[in-house]
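For reference, the structure discussed in these notes is given below.
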There are 2 protein chains.
Amino acid sequence: MPRPSRIREKRESLLPVLADAFTELGYRRATTAALAERCGVQENILYRLWPDKKAMFVAAIEYVYDFSEQTWLRLLERRRGEGSAAQKLLAFEAEHHGEFGHYRIIFAGLSEADDPDVRETLRRVYARFHRFLLGQIVSHRQAAPAPQALPADLAAWAVIGLGTVSNIARELGALSDADRRRLIHTVGRQLLEGDSR
Amino acid sequence: MPRPSRIREKRESLLPVLADAFTELGYRRATTAALAERCGVQENILYRLWPDKKAMFVAAIEYVYDFSEQTWLRLLERRRGEGSAAQKLLAFEAEHHGEFGHYRIIFAGLSEADDPDVRETLRRVYARFHRFLLGQIVSHRQAAPAPQALPADLAAWAVIGLGTVSNIARELGALSDADRRRLIHTVGRQLLEGDSR
DNA sequence: CGATACTGTATGTGTTCGCTTACATTGTGC
DNA sequence: GCACAATGTAAGCGAACACATACAGTATCG
């Protein structure tokens, strides 16, 4: 049994590069030639790692979400004891939301969502995102109970919407950095509390 | 001066067809051949009406927003005297939000936003959308003043975010129709009032 | 060693795309 | 009715694309 396969490791080492490429170029302009060049390999090597370009795209979407979630989890480990986890996340995102531009790969995915595989991948990613946020909101509210006009599951979706519109505004230059911070902070807090205070 | 030009009329008559095509197919799959076939003309006729495919896309985006805004204005004229205009819009959108699928052309645009023309068009469209919503929120709050924790301009952006996440959920099948209605209704009202009640 | 599967390089290939060109037909103002 | 621009039809063109093939080098095992 000569030369054990390094396919798995190779896939993992190239995924960040693919994710960056799709993020910067979108799906259409991220040609297989461009992907291969950025990876420093020939095209057919990519085709030995994934069956087709769509599979590379789908893998990149999942990688990007994993990356984001790990960033948040690391943040929560680092910073302890200054408010609830949800508040820390909100403060962090008000500062840094979208600065990696990774939301662009989601936009690219949404415009390819007529494809069943892409749609299913996005559905799973959004479901995970929602579950994560829901957990944060619920534990925040348990720590500081209040009259809750806004159910936590809806609040979690609304937070996703808030992040999305913030990303859109960033992409289009429709809001200044300061206004985007204000938007995330103010609306985020109201959604988090489910009430105004 | 023989045969006056009907270019302007032709453009206007084909715009809805182009908008539908881009909406259904996205930018990439809406090939010029497909656009021409749906319009019932040859490709080069499209090229006599617009300089290139991108211009057709940009015109379609603007048409879609005009169409939506006119729908809302007609709604406000039709239904009188049952709550504020903003409340009527909210109730209407909770029922019908996104059912034309026109949001898809916005997704397509966002994934082509690295192009300056596309980005500028989207920026203008979002600015008009924000201005429209802001006007509705302000006049609603004037009619029924309340302690406002949430500034109206931020509320307007948040409403756009709410609509966007609702569209995403529709596209991906991530929420049932009933849950989407509940989301728009509950969060929408809270954003509109800038407070809970 | 030496067989063998893994890894990399170079070069097609059929198709599709955005866009163009050539040319025939039509309708209007003088 | 005739000049002439507007309108339509048909064909094609270079480039780019996703993906494939052919083959040389290489590391690992018995």
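Proteins come first, then strands; the chains are lettered A, B, ... in the order of their sequence lines, and each starts at number 1.
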Could you state the [atom1]-[atom2] distance from [X] to [N], rounded to the nearest angstrom?
{"X": "A/Asn44", "N": "D/dC17", "atom1": "CG", "atom2": "P", "result": "18 Å"}
{"X": "B/Tyr27", "N": "C/dC17", "atom1": "OH", "atom2": "C1'", "result": "11 Å"}
{"X": "B/Glu43", "N": "D/dT7", "atom1": "CD", "atom2": "C1'", "result": "17 Å"}
{"X": "A/Ile45", "N": "D/dA18", "atom1": "CD1", "atom2": "C1'", "result": "17 Å"}
{"X": "B/Leu46", "N": "D/dG8", "atom1": "CG", "atom2": "C1'", "result": "13 Å"}
{"X": "B/Glu9", "N": "D/dA6", "atom1": "CD", "atom2": "P", "result": "13 Å"}
{"X": "A/Leu35", "N": "D/dC19", "atom1": "CG", "atom2": "C1'", "result": "13 Å"}
{"X": "A/Phe57", "N": "D/dA18", "atom1": "CZ", "atom2": "P", "result": "13 Å"}

Choose from [options] the nucleotide whose nearest atom is closest to any side-chain atom of [X].
{"X": "B/Lys10", "options": "D/dG8, D/dA10, C/dT20", "result": "D/dG8"}
{"X": "A/Gln42", "options": "C/dA10, C/dG18, D/dA18", "result": "C/dA10"}
{"X": "A/Tyr47", "options": "C/dG8, C/dG18, D/dA18", "result": "D/dA18"}

For B/Thr121, all residues meeting side-chain hydrogen bond (donor to acceptor under 3.5 Å, both in side chains), sequence neighbours excluded: none

Would you list the atom pairs, donor with acceptor, under 3.5 Å between side chains in residues 123-137 of chain B and any protein atom, with sequence neighbours excluded?
{"from": "B/Arg123", "atom 1": "NE", "to": "B/Glu120", "atom 2": "OE1", "distance (Å)": "3.3"}
{"from": "B/Arg123", "atom 1": "NH2", "to": "B/Glu120", "atom 2": "OE2", "distance (Å)": "3.4"}
{"from": "B/Arg124", "atom 1": "NH2", "to": "B/Glu62", "atom 2": "OE2", "distance (Å)": "2.2"}
{"from": "B/Arg128", "atom 1": "NH1", "to": "B/Asp66", "atom 2": "OD1", "distance (Å)": "2.9"}
{"from": "B/Arg128", "atom 1": "NH2", "to": "B/Asp66", "atom 2": "OD1", "distance (Å)": "3.0"}
{"from": "B/His130", "atom 1": "NE2", "to": "B/Asp153", "atom 2": "O", "distance (Å)": "2.9"}
{"from": "B/His130", "atom 1": "NE2", "to": "B/Trp157", "atom 2": "NE1", "distance (Å)": "3.1"}

Side chain proximity check, A/Leu162 to B/Val165, heavy atoms < 4.5 angstrom: no

Tabulated below should be each protein N or O lying under 3.5 Å from an N or O of nucleotides 14-16 of chain D; please produce it.
none

Once ring pair (Phe, Tyr, Trp, His ring centres under 6.0 Å) is applied, do any residues pair with A/His185, and if so which ones, sequence neighbours excluded? none

Checking A/His97 now: which residues fulfil ring pair (Phe, Tyr, Trp, His ring centres under 6.0 Å) with it, not counting sequence neighbours? none

Would you check if there is a donor-acceptor pair between the side chains of A/Tyr103 and A/Glu171 at a distance under 3.5 Å? yes

Selection residues 18-27 of chain B - residue pairs positive for side chain to side chain donor-acceptor pair (under 3.5 Å), sequence neighbours left out: B/Glu24-B/Arg38

Once you apply a heavy-atom cut-off of 4.0 Å, does B/Arg48 come out as touching a base, just sugar-phosphate, or nothing? base

Would you mind classifying the nucleic acid contact of A/Asp52 as base, sugar-phosphate or nothing, using non-hydrogen atoms under 4.0 angstrom? sugar-phosphate

Given DNA chain C, 5'-ward residue of the pair B/Arg6 and B/Thr32, judged by closest heavy atom: B/Thr32

